[in-house]
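As structure tokens, the structure follows; a few thoughts come after it.
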Amino acid sequence: MEQPILEMKNISKAFNGIPVLKDVNFSVKKGEVHALMGGNGAGKSTLMKILTGVYTADSGDILIDGKPVSIKSYEEAQKNNISMIFQEFSLIPTLTVAQNIYLTREKKTSLGLLDDKDCEKKTEKLLEELGVDIKPTDIVQNLGVGYWQMTEIAKALSQEAKILIMDEPTSSLTKNETEVLFSFINKLKAKGYSIIYISHRMDEIFEICDRITILRDGRYITTETCSETNLDTVIQHIVGMEFDQAFEWKERAYDTDVPPIFEVRNLTAGNVQDINLKIQPGEIVGIAGLMGSGRTELLRSLFGIDPIENGEIYINGQKQTIKNPRNAIDAGLALIPEDRRMQGLVLEHSVKDNMILPILSKVKKGTFIDNKKSNDISNDFVQKLNIKTDHIFKQARLLSGGNQQKIVLAKWLANDPTVLMLDEPTIGVDIGAKTEIVEIIREMAETGKAILVVSSELPELLALSDRVVVMHDGKIKKEMKRKEIKTEEELQYAIQGF
Amino acid sequence: MQSKVSNIQKPAAPALKGFEWRNYIVYFAFVGVLIYFSISLSDEGFLTSGNLLNIVRQTATISLMALAMTFVISTGEIDLSVGSIAALSSLVGALAIQAGYGIVGGLIGGVSTGLVVGLINGLLVTKVAIPSFLVTLGTMGAVKGFAMWITDTAPVPIVDANFNFIFGSGDIGPIPVLLIWTLVFTVIAHVLLRKTAFGRQVLATGGNENAARFSGVKTMKIKLMVFLGTGLMAGLAGLLYAGRMNAGRFSFGEGDELSVIAAVILGGTSLFGGVGTIIGTIVGSLMIGTINNGLIIMGLDVSQQMIIKGIIIILAVAFGKKAMKR
């Protein structure tokens, strides 16, 4: 049998006693594109971080060309010819392509000065060999993202990388740029480079990859050869058989005869194009789609963060002008953002201060904040949402992820919004809190609010939604009543664009 | 973030145009200022070779500090302590000469004063991870206090004529010594920034610190070096003050940080790091000097000059920011 260029054997890793990888095996052959797949939290990125020296495995071996190696830092990974192709973030935008590729490895003239001409010549040769149509003297920030990636790849190759890791390489690329990248990957393959390809996009994986390894819940599930397997098998392996009772969907009744409480007409903003959406009072609408499909951008533009170029928004039949988040809040919208630590909370402030921030004007007595009233409101929410904190004066950063997310929820519920939008409401939250948050969202819907949820976790989306809208390339591609969706696989198909 | 980046398409022609315009604005502005003063102050002798050389003399200290500041700002940091360092080093240099250590002793005293403060700044920024704005705001005050304290605010006269010649008041033929200092260090700084690995790594650190680190740039070392650089050059600038004024004095360099930063930003170096130009800095510095000189000839006092300098720095950054946003 052919010796694999890379083998990872029985890799285990735990964080704070919680295992994230259990006995994982992974091997890559020379000149193959090998997909690494799995749902959120399956352990893909942890495995790759172990390979690139960001983390160290608790147990297990890494073998390159059959020889065991120890990788404790990114430099050591590079020495073992492994390179991670970061997306746009690993280049210096203000330097040229050649300067970036040979940064810290420039040839010097006899005077000890940089020989830029030499770098440019070598870069030109490299780019020509790879068939990349940019000039070595182009400043990186003036190039499209697709070219950033190729510059990054060229840089890795100039450092003798043999194994390239690409994490969702197409998420910020246009269709054309993706095609260019794929033909580029095929060229690399023909030259004998190995590529580890991480993506959620099945169509791309079947197009470009030779084999697929699937992880689920930190365990190795299987390795399939692309030409001998099919979408069904792969999706089944990713989803698994377990079914979480807590996430069971219950059909809920809501009023379909009244006019919609929230309506979006022909909305266009940035990548998001021509969105039409109606939500009944008490209805929960889920938005599904791949990374970069425009889900988050849609919520951001509805909330006045990204400028709306075109289209109309109606709440209770009233046309709304939303130019900034203040307008949106006044109109009755609330957005629970994706990154609660960055966008949702003032971590250094107390539970209470966070909760009353959006409603300061409502808890004022004269000029001053009414302490009794604001304490009562905060205590009330702590009780209602079952937030685990010693008292309402505890700093938000000291609480667990799930409880932090509940504070963010409380913060916006206090303002009693008409339309509640949530972006990945349970990301990084433990399973117990997850169920509770799902329950809170359901209760909110019961009070007649319109609810719009974005989530990458399909079980959660299926548990919550009365209707699911699938987005693709900034547009709504499909709308499905929850009743009509039989299985998670069916939704997965829709998301993949089949 | 992602959506923003993906909007940039390859032929970014309009953005490029704005970018270049920003790079050259300082030259147009400088010529404009020169023409304006030449006409409005033609009777007061602005455009005489004597006055122009005077501008060069008065600007030398600012120029030297601005050269080093270009490196600091290119890494995305700032150094507010340069003026205070100049004051202290003028005194240490003068005291060393007074104590009989001679020109070399004065030079070593002044320069090492600057290096020590630069080292403290650099270590606090890199090892203790305090933002450079705060670190140098602190050392600006502390070093100034130290300068006032060592001689109880008394000036220290320098009677060594050779020192005064070399470090300030001398002319070689028609050429002021201070012009030579400026030229020599401009060339060195330009080569250092454009042609050496160090300069490239300075720009890389400021352009994207994480990426630079992943490419093998020792970003902390680079930052430490640039603060040593401003320390060194501010120390030297202190000696030039001492040489020109024949004394060390705690009030030298007061408010220079404003002029120095204005010169660098005006020259086209990005306050956000990653883009730096030495030639721009020197022109920016000469422009600040010319404005100072012109305003004095016009009869404006120090307070009015400060107002104008403050406005200039804000305008320069505002223009820079606009170009950054694109």
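Values below: all heavy atoms of this structure, side chains included; hydrogens, waters and symmetry mates excluded. Residue numbers start from 1 in every chain, and the chains themselves are labelled A, B, ... in the order their sequence lines are given, proteins ahead of strands.
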* Asked: Less than 4.5 Å apart, any side-chain heavy atom of A:Leu95 and any of B:Arg200?
  -> yes
* Do the non-hydrogen side-chain atoms of B:Leu203 and A:Thr94 ever get within less than 4.5 Å of each other? -> no
* Select one option (side chain, backbone, both, neither) describing which atoms of A:Asp115 are under 4.5 Å from chain B's heavy atoms. => neither
* **Interchain contact, A:Gln99 with chain B, by part (heavy-atom threshold 4.5 Å)** => both
* Structure fact -> residues 127-136 of chain B vs salt bridge (Lys or Arg N to Asp or Glu O under 4.0 Å), sequence neighbours excluded, gives none
* Do you know the tightest heavy-atom contact between A:Ile92 and B:Gly207? -> CG2-CA, 3.6 Å
* Minimum heavy-atom distance between A:Leu103 and B:Ala204, given as atom pair plus value -> CD2-CB, 3.7 Å
* Please list, chain by chain and in numerical order, all residues satisfying salt bridge (Lys or Arg N to Asp or Glu O under 4.0 Å) with B:Glu77, sequence neighbours excluded. => B:Lys223
Tell me, yes or no, whether the heavy-atom count around [X] atom [atom1], taken from other residues, nucleotides or ligands under 6.0 Å, exceeds 12.
{"X": "A:Gln159", "atom1": "CD", "result": "yes"}
{"X": "A:Glu128", "atom1": "CD", "result": "no"}
{"X": "A:Lys477", "atom1": "NZ", "result": "yes"}
{"X": "A:Lys122", "atom1": "NZ", "result": "yes"}

* Please round to the nearest 0.5 Å and tell me the distance separating atom CZ of B:Arg194 and atom CG of A:Leu113. => 13.5 Å
* Structure fact -> Rounded to the nearest 0.5 Å, the OH atom of A:Tyr74 sits from the OG atom of B:Ser215 at a distance of 8.5 Å
* For chain A, find which of B:Thr205, B:Thr196, B:Leu192, B:Val217 contributes the most heavy-atom pairs closer than 4.5 angstrom. => B:Thr196
